Amino acid sequence: MVDTGPGGGPEPDWVSRMADEVIEAAERRSPGRPIVCASGLSPSGPIHLGNLREVMTPHLVADEIRRRGHAVEHLVSWDDYDRFRRVPAGIDPAWAEHVGKPLSEVPAPTGSPFANWAEHFKAPMIAALTDLGVPYRGISQSEMYTSGAYRDQVLLAMRERARIDTILGRFRTKKKHVPENDDEDGADEDRVAGREYYPFKPYCGACGRDDTTITAYDDDTTEMTYTCACGSSETVLLRDFTRGKLVWKVDWPMRWAYEGVHFEPSGVDHSSPGSSYQVGGLIVDEVFGGEAPIGPMYAFVGITGQAKMSSSRGSVPTPGDALEILEVPVLRWLFARRRPNQAIKVAFDQELHRLYDEWDALERKVAAGTAGGIEVTGHVRAVTTAEGDLPRTAQPVAYRTLASVVDITAGDPAQLERILAGLDATPDGARPRLDKAAHWVASYMPDEAHTRLRSEPDTEFLAGLDDQEREAVAMLRDHLTDDWSLDGLTTLVYGVPKKQAGLPLDVKPTDELKAAQRRFFVVVYRLLVGADTGPRLPTLLLAAGPERVRYLLGGPAPVS
């Protein structure tokens, strides 16, 4: 179990309980052998951020098992021998000529340095998993099939095709088959009346596509004849033929048996009655002599701020996109703190600030020894793996503060250094969070949320202030540098209306006092940014600097 150290634990979470179950199953099924956790990803296009749960769930469980001293391996199967199904948006329509070919034999998009389509879309995911501290053994299904590694399994499935057909028949309906997702072989259940069922799909030797139909097969000799929609026909010996693959609902359980998988979660689409997981459990048992892995259902990952992202990117968000705005521990924490069947939302909009506020509050509680056991356990999984510590920001200034500062200063290095000094931080100490916030401001901050300080005082607005407002502005201006820090400025801006009302600074605010504070804030925002609202006022003051603030509040012009 995770060693949470002094203070809050250890206390078992969903990862610990699932690791218990997996260890027990592995000791029963294959004592003395390494425990195997597995994931599967299809590089048919950009690998969606939601697919990260397919990897992070077994990673967290494998990592817990490894922390306990057990030998464990996390496999990631790249389904790069799947068919190319469609041309994604933004790709030259000429790529339609490759529909039906294996992903590993489709040319990479124009300008890519990679050898083929699959490698092009695998690369960003590989980089993201490295950043996230996820060790794994990658398995190319193209390499496995074309090398003949699965030869015996393919021949077995063909011999047992009637049994497989019977299993699939238990779940067939009269409805047209719809693939469970775009990455599956949608033809694996199709049953044409009067035609024998075959669980293998050849890729055509002439055109390279899988628009093929097996017309004859001999179990004794393994002689197989197929025709293709392109008009070609070929007769081969399947024992020597490696240009094809098992259909999805046979391929998946075959791999469970071949790799000895003990744990592999799946999405809700795979876990419903009659789905791949249920059917696969029967096929792995009755055909391949194996046992289905522990396979909890995981819920989908939602995205907030998708509209902004889509308009700027034209594509779905990837793990790499998330890591441009989220630190590694925070993204890991999102997956560690929620059970697999609980939905997760990754924020690309201003909800991201709230997430970081929660994370920073947890960090403070852990440091103070006041966090609960489950909180400490989740924190440990976020900031470390069995291999060691993960990179963290040494001086974690609030994310919303950094975003405001970067926005107001337009990222000017000298200005950033000056402001961060007032926050007891340096640019290097505030990284990588500073860079994540800067990327968020540049790519995802709503246009209407950007803040631009006025270049000159609003003399007309200043002249229209009543006596109480004029007094409040003067108090702020005169006491601005009494304590030039975020805490000091916070005390000042909330304290001006208290002083005007003759109240002590530590008085508990009433509704009347809160209303007076809001009126005062509107006046200051109007003078500084020409709007009724903006970033948190203390942050805005700190970012603008005392000379600029005094000038916009009716004081002397800054000395150039």
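Note that this is a predicted model, so its numbers are computed, not measured.
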For residues 284-296, run the donor-acceptor check on the side chains, cut-off 3.5 Å, and write out each pair with its distance to 0.1 Å, sequence neighbours left out.
{"from": "Glu291", "atom 1": "OE1", "to": "Arg28", "atom 2": "NH1", "distance (Å)": "3.4"}
{"from": "Glu291", "atom 1": "OE2", "to": "Arg28", "atom 2": "NH1", "distance (Å)": "3.4"}
{"from": "Glu291", "atom 1": "OE2", "to": "Arg28", "atom 2": "NH2", "distance (Å)": "3.1"}

Cut-off 3.5 Å, no hydrogens considered: what does the side-chain donor-acceptor table look like for residues 113-122, sequence neighbours left out?
{"from": "Asn116", "atom 1": "OD1", "to": "Ala118", "atom 2": "N", "distance (Å)": "3.0"}
{"from": "Asn116", "atom 1": "OD1", "to": "Glu119", "atom 2": "N", "distance (Å)": "2.9"}
{"from": "Asn116", "atom 1": "ND2", "to": "Ser104", "atom 2": "O", "distance (Å)": "3.2"}
{"from": "Trp117", "atom 1": "NE1", "to": "Ser44", "atom 2": "O", "distance (Å)": "2.9"}
{"from": "Glu119", "atom 1": "OE2", "to": "Lys122", "atom 2": "NZ", "distance (Å)": "2.9"}
{"from": "His120", "atom 1": "ND1", "to": "Ser112", "atom 2": "OG", "distance (Å)": "2.7"}

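Side-chain contact annotation: Tyr150 with Gln141, donor-acceptor N/O pair under 3.5 Å present. Side-chain contact, Glu264 with Trp256: a donor N or O sits under 3.5 Å from an acceptor N or O. Side-chain polar atoms of Tyr81 and Glu143 form no donor-acceptor pair below 3.5 angstrom. Side-chain contact of Ser140 with Asp80: a donor-acceptor pair under 3.5 Å is present, judged by distance alone. Side-chain contact, Glu324 with Trp440: no donor N or O sits under 3.5 Å from an acceptor N or O. Between the side chains of Glu73 and Tyr136, no donor-acceptor pair of N or O atoms lies under 3.5 Å.
A side chain to side chain donor-acceptor pair (under 3.5 Å) check over residues 89-100, counting only residues at least two apart or in different chains, returns the pairs His98-Lys101. Each salt bridge (Lys or Arg N to Asp or Glu O under 4.0 Å) pair with one or both residues in residues 32-44, not counting sequence neighbours, would appear here, but there are none.
With sequence neighbours excluded, no residue forms a ring pair (Phe, Tyr, Trp, His ring centres under 6.0 Å) with Phe335. For Arg243, the salt bridge (charged side-chain N to carboxylate O under 4.0 Å, His left out) test picks out Glu234, with sequence neighbours left out.
A salt bridge is absent between Arg209 and Glu105; no separation between the charged side-chain nitrogens and carboxylate oxygens falls under 4.0 Å. Ion pair Asp210/Lys201 not flagged as a salt bridge, since none of the NZ, NE, NH1 or NH2 atoms sits closer than 4.0 Å to an Asp/Glu carboxylate oxygen. With respect to the salt-bridge test (charged N to carboxylate O, under 4.0 angstrom), the residues Arg392 and Glu363 qualify. The residues Asp240 and Arg151 are annotated as not salt-bridged, no charged nitrogen and carboxylate oxygen being separated by less than 4.0 angstrom. By the 4.0 Å N-to-carboxylate-O rule, Glu64 lies close enough to Arg68 to be salt-bridged with it. Ion pair Glu196/Arg161 flagged as a salt bridge, since at least one NZ, NE, NH1 or NH2 atom sits closer than 4.0 Å to an Asp/Glu carboxylate oxygen. The existence of a salt bridge linking Arg433 and Asp360 is confirmed by a sub-4.0 Å separation between a basic side-chain nitrogen and an acidic carboxylate oxygen.
Taken from OH in Tyr399 to CG in Asp357, the straight-line distance is 12.0 Å, to the nearest 0.5 Å. We find the CD-OH distance between Gln153 and Tyr145 to be 9.0 Å, quoted to the nearest 0.5 Å.
Seen from the ring of Trp333, Arg337 counts as a face-on cation partner, given the 6.0 Å and 45° thresholds.
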